Amino acid sequence: MTNDNSKKIDELVETQMRHRRPDDFDKKEQMMLRIRNVLNIVFMILAVVGAVVYIKVDLETGGWIIGTAVVIKTVEVALRLFKV
């Protein structure tokens with residue numbers, strides 16, 4: 001009897017741990033995922049460019065670029081947290 005219970009528990013844990021795939025999302029969730037991905041890509045590019053500019057060219061300009069990247073990341077996090 002414990003073997004059956006163990007199998008049921010294993011199946012339950014596997015279903016709970018399974019990550020959702022984009023195929024499982026509805027249209028709104030897919031759109032939000034695309035928007036978040038684009039925002040993340042823009043953030044990463046701006047962060048790298050801002051760091052290079054900050055180190056190599058001008059502290060103030062690099063700071064503004066990095067600050068813009070932080071604002072974009074904040075928007076992405078807000079979309080994720082509030083599930084707009």
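Remember, it's a predicted structure, so these values are computed and weren't measured experimentally.
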K.L.:
Under 4.5 Å between side-chain heavy atoms, counting indirect links through other Ile/Leu/Val/Met/Phe/Trp/Tyr residues: same cluster for L46 and M44 or not?
P.N.:
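Looking at the clustering, M44 is in the same group as L46.
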K.L.:
Can you tell me how far CD of E76 sits from CE of M32, rounded to the nearest 0.5 angstrom?
P.N.:
9.0 Å
K.L.:
Under the side-chain hydrogen bond (donor to acceptor under 3.5 Å, both in side chains) rule, what pairs show up with a residue in residues 40-59, not counting sequence neighbours?
P.N.:
N40-K73, D58-T61
K.L.:
If Ile, Leu, Val, Met, Phe, Trp and Tyr residues are connected whenever their side-chain heavy atoms lie under 4.5 Å apart, and connections chain through other members, are V42 and M31 in the same group?
P.N.:
yes
K.L.:
Who are the side chain to side chain contact (heavy atoms under 4.5 Å, CB included) partners of N37, not counting sequence neighbours?
P.N.:
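So N37 forms a side chain to side chain contact (heavy atoms under 4.5 Å, CB included) with L33.
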K.L.:
I65, L39: one ILVMFWY side-chain cluster at the under-4.5 Å cut-off?
P.N.:
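Shared cluster, yes.
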K.L.:
Same cluster or not: I45 versus V53, using hydrophobic residues (I, L, V, M, F, W, Y) connected whenever any side-chain heavy atoms lie under 4.5 Å apart?
P.N.:
yes
K.L.:
Identify the heavy atoms of A69 and A47 that sit nearest to each other, and give their distance.
P.N.:
CB-N, 3.9 Å
K.L.:
How long is the straight-line distance from CZ of F43 back to CD1 of I66, given to the nearest 0.5 Å?
P.N.:
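So the CD1 of I66 and the CZ of F43 are separated by 9.5 Å.
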K.L.:
In Å, rounded to the nearest 0.5 Å, how long is the span from CD1 of I35 to CD of Q30?
P.N.:
12.0 Å
K.L.:
Got a sec, which residues hit side chain to side chain donor-acceptor pair (under 3.5 Å) with R34, two or more places apart in sequence or on another chain?
P.N.:
none
K.L.:
Mind checking whether V38 and V70 sit in one hydrophobic cluster, side chains of I, L, V, M, F, W, Y counted as touching below 4.5 Å?
P.N.:
no
